[in-house]
Amino acid sequence: MNNTTNQELPKQYEPTTAQEKWSRFWDEKKLFQINLTPPQTNITTNIADDPARVADDPAHVANDPAHVVNDPAHVVSDPAHVVNDPARVVGDSALYGKILDNVVKGVGIVDQDCAQVDLQKPDSSCVKLDSICPKSSCGDSQHRRLKGAFCVVIPPPNVTGALHLGHALNNTLQDIIVRMKRMQGFNTLWIPGVDHAGIATQAVVERRLFEQEKLTRHDIGREALVKKIWNWKEKYQARIIEQLKALGCSCDWSRTRFTLDDVCAKAVRHFFFRLFQDDLIYRGKRLVNWDTFLQTAVSDDEVTHETVAGHFWYIKYPVVNPKRNEPEFVIVATTRPETLLGDTAVAVHPDPEAALNKVIDDLRSRIADAPEKEKAELESELEKVVLRKTSGVLANLTTLAEMAKDGRKVLLPLAQREIPLIADTWAKPDKGTGCVKITPAHDPNDYEVGKRNGLPMINILNKDGTLNKEAGSYEGLKIKDARLKVIDDLTQNGLMHDTEERTIELAHSDRSKTPIEPLLNDQWFVKMESLAQSAINTVNNGEIKIIPERYTKGYIDWLAEKRDWPIGRQLWWGHRIPIWYCKNTTESELKQAFANREDIAYKWDEAGQVWWICSRDEELPSAIKGHTLVQEEDVLDTWFSSALWTHSTLGWPNQTPELETFYPTGVLITNRDILTLWVARMVLAGKFNTGKIPFHEVYIHPKILDKYGEGMSKSKGNGVDPVSVAAKFGTDALRFALAYLTTENQDIRLALDFECPHCNAIVEQTKQNRVLPKIKCPKCQKHFRTQWAEREDDLQLPEGVMVGERFETARNFCNKLWNAARFVLLTLNSNSNSADNTPDNTPDNTPDKKQPDKQDSKQHIVYRTKNELTAELLEDKWILSRLATVTRDVSQMFETYRYADAMRLLYDFSWDEFCSFYLEIVKSRLSDVRQNNFASFMLLFVLCDLVKLLHPVVPFVTEEIWQRLREVDSGLEESVAVAAWPVANETAINPQIEEQFKIFQEILRAIRDTRASRNIPPKTEISFCVKCSEVVSKLMKPMEAYFLTMARAKVTGWGESQKAPLLAATVPLAGMDIYVDLSELMDVSAEIEKLEKEMSKLDGFIKSKQTKLNSDFTQKAPPAIVEKERQSLNDLQNQYNSAKNAIEKLKQI
RNA sequence: GGGCGAUUAGCUCAGUUGGUUAGAGCGUCUGGUUUACACCCAGAAGGUCGGCGGUUCGAGCCCGUCAUCGCCCACCA
């Protein structure tokens, strides 16, 4: 035995060491780095077209395959090079092609493409990318479209915190595509990075500052806070990148970007500047969602509505000088009484009767169409509205409408201000009291009413959420306190008409979790009309494809609203808006100061009576003599910078080689919640800045849910650290499980529990314990920490990792693969010691070979295959056919993001077909000196392709295996990460062979079943014969040995004339009867019982088939289907008869 | 209010354009130290595919409807 590592191969795959080792290896070899200097040569150029290179490197001419084999350094001397030059990868695959060629020729199937792979001329069929990745395996024209380059930009994780399983999923799915593309020979770049996540990050740091030091940002100031946030960012960026690396992501880490770094900042400035120049930026007083905790406006998308218990307060507004027959009070209902201090009108509908009638009509027609269960509710609603007509409400409103038209006023309670009663259609006679208070500065709808009616807008709030001087005696109170006081005062003044308890939907800031106050504020906007339209068009005309398609509608609908984009945030963490204000200057002064300056634009703001100066490149504190320019305090919305991510990361606005080569990128893989916020904006920004789409495809992946079906989030505490899962099961298992669960329309539900590190008991994760920093194991009563542990003493505890069934399955798969490889390696190794037994071991005559050494004889044993190899055995043809099918389908599935399908196929093929059948079959050949070399070649051949196909999903275990295989076959590429992706040999696909092999599987199963059900001891050898057609017997005869090794059953005969021995178990199958000789093991009555059961089952099927065939079916169904049914019936009847005959025979005993 | 998705074995999920007897993993049961793997091997049991109606020779799949669950968007004095 050679003293190789094979003997050291552990029985179980050890993920931790492999992960560390190969991460470092990939990093050191720079396998994922793209180097565009010196300038990229045309990567589709064939190596043979470049004489200099061919001359330089004879190995690539490959007139001697042994040469290639002998000198691995030559083959892949520079992995980075390989990545850049697919022609080289193809060069290597020529050897592979030759092997395949030999095998295939032997099988009698000649692959047109592969037959052309003549080692003398490696370029003949391996010139273009298409030849290593033919259409058939790649689906569409994507490759040509991308012209040989393929790029993915990572959806940059927020630096708010560490990654959770959702990120693990997102990045695994990206890595799968990226690794496959790289192996396919694309010039592949995956750009990593992180997002500064303005509001979210500042909120986290501010909250922490307050918790730990009881300080607010105003206490420490802008500079100090920003510094603190940078520190936070550095910490979490490092953590995130570390996590991504641990996940095996094959990013080019040398290109890591941050949305707030200089490169991105430059892109942001240029984008803003161009928008400004194109007059797409404006500023206006708008009602914004004010977060009183963070003291910034947040966009609608950052607001969530929560149902809370609240009240309706009915407040009496006294009418000023009421006339006779006029009401003394106007009553309005509100959920926010304190806002009355900012009221500037009370509205009533101008024609309440008509409005009410319309409501009634609408309701009636809705009731007519409504489903039964909703009718009752609608009807009671209708009743209430109708009642208004008769109960005096309508009469009252009509009077008020007249008063409004008369210009009458009401007295605003508490403030003692007179405000007009106005007629406006916003007031709905069917709702509340029919009258509504108008607070233009604090309610979006009222704001519109205010504008329509020229009402004053009184802002009663300070930015910190306290009331300002407009609130008079309430000044300085917080909203909550003011509300209580207002209610109290109203009650005391007898102006509180009524209160009603009610649940209301209250807007909350998603970031600070505090209630949102609508507030009138200055705000920067981007006009969306034209930008949104361009983003709609690219999807409508198919330039960008959204997968799954159903998400397209949401994208289009959102953009179609064309709501202007509020881009300002009153934060300190972010890109500061590049606008400077200057009040006391003139246009001519500006012209003079900025003569010939392309990077400066300015505009007079009428409303603010100030010049806006926008600078693309430089800071402008003293750009104009004698004037100080003041920069806008606000920063830009985070999405403003992430919208540029696809091109800013490639160096835009500079026309870099990267931008040239990799833009547009290939696919964007992301989460559905940010389809609009991020994806849509990337599309419009990409089009606006570069004129091109940012990516060809958008793949939206499922969401990870916990066992309760809830999405994972920090606030719920149910987020799971992928590193913790990987620590327990291995990264590959994590990746495998996630990919396996990624189906088209189902979210991924993962039931995870803690494993006690002390006693290994499973501690269920509950809504209670999932937020705790440490948990006490109910079994051993000891504590363990969770991912939330922060305190020093908690951190001392051992961690309770998260475990889940899905990960176990995936880990088991990795281990299975590992052991299959281990087995193949063991056989290869043992064969190398008795290597003189096969015709395919022709001595080599290359110069290198003249000094043979041990190492060499081992390494070449399998590949010294100059003579034709003959794969004439059914099982070899079968596995080659299956491999080709799987290769084709897996490629196609990954290309179309059908991850789960691909994983299932790979799982089943690896486990059931390769391991359970093929490996087991081959075992009996391995002990035969005439067959063992070819058999082990076959094993290696299939294993190599399988390892490659699995590599994108499980990179570590496959690399580990690959490197072991390289010890046996130095012709393999330096890393599986840059190995050539397998090409399906379509001509090896043979449905007939697969069908025939099924017969073998059926017989084997029948025998195993017979053994198991009769309790025949495993060591007892049994014998059987099969009554079948000559075709089947010819096919099965060569496989006799396998029944012995796989079921310890000896075949005594095949064919039409076979008869059951006296004491036999009969298994009737379609087209054949199997007779298992049971002799002394026989229990006659049990056999009869078994057969009777079988007969009644068959009888059921037969009857249903007969019914079917006696119906219209034969007339209306396609003939092929009918024929199939007839055949099936025939088989069933034969089986039935066989069982019947067998019973009769048994009864005679 | 508008939109989307789901409902299949005890559990978690697959199920191609409708076509033999609906699959997998885990769990359960039976039996196992076979030249890799007990994170394993062999075998078994377990389903009126949420309900009802329709289209069809034929429905888990298509249409309608009801029920339940989840998500997203919008609005609410």
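Lettering follows sequence order; numbering is per chain, from 1.
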- Task: Identify the nucleotide, in any strand shown, that forms a Watson-Crick or G-U wobble pair with B:A9, with both distances under 3.5 Å; if there is none, say none.
- Result: none
- With a non-hydrogen cut-off below 4.0 angstrom, is A:Lys437 in contact with a base, only sugar-phosphate, or nothing? nothing
- In plain terms, say whether A:Glu1021 and A:Lys1050 are close enough for a salt bridge, that is, a side-chain N and a carboxylate O under 4.0 Å apart. no
- Touch check for A:Phe312, heavy atoms < 4.0 angstrom, all strands: base, sugar-phosphate only, or nothing? sugar-phosphate
- Task: Figure out the NZ/P separation between A:Lys431 and B:A77, and round it to whole Å.
- Result: 8 Å
- Query: Are A:Arg749 and A:Asp706 ion-paired here, with the side-chain N under 4.0 Å from a carboxylate O?
  - Reply: no
- Task: Taking the six-membered ring of A:Phe823 (Phe, Tyr or Trp), confirm whether the NZ or CZ of A:Lys923 is under 6.0 Å from its centre and within 45° of its axis.
- Result: yes
- Message: Under a 4.0 Å threshold between the charged nitrogen and the carboxylate oxygen, would A:Glu1125 count as salt-bridged to A:Lys1108?
- Response: yes
- Of the candidate nucleotides B:C13, B:G43, B:C71, which contains the atom at the shortest distance from the side chain of A:Arg749? B:C13
- Query: Contact class for A:Asp1112 vs. all strands (heavy atom < 4.0 Å): base, sugar-phosphate, or nothing?
  - Reply: sugar-phosphate
- B:A67 and B:G23: how far apart are their C1' atoms, nearest whole angstrom? 27 Å
- Item | Pairing partner (Watson-Crick or G-U wobble, both distances under 3.5 angstrom) of B:U21 | none
- Message: Please classify the nucleic acid contact of A:Thr433 as base, sugar-phosphate, or nothing, using heavy-atom distances under 4.0 Å.
- Response: nothing
- The Watson-Crick or G-U wobble partner of B:G1, with both key distances under 3.5 Å, is B:C73
- Query: Using atom P of each nucleotide, how far apart are B:G53 and B:A59 to the nearest Å?
  - Reply: 13 Å
- Message: Among B:G43, B:C37, B:C26, which nucleotide has an atom closest to any side-chain atom of A:Asp1009?
- Response: B:G43
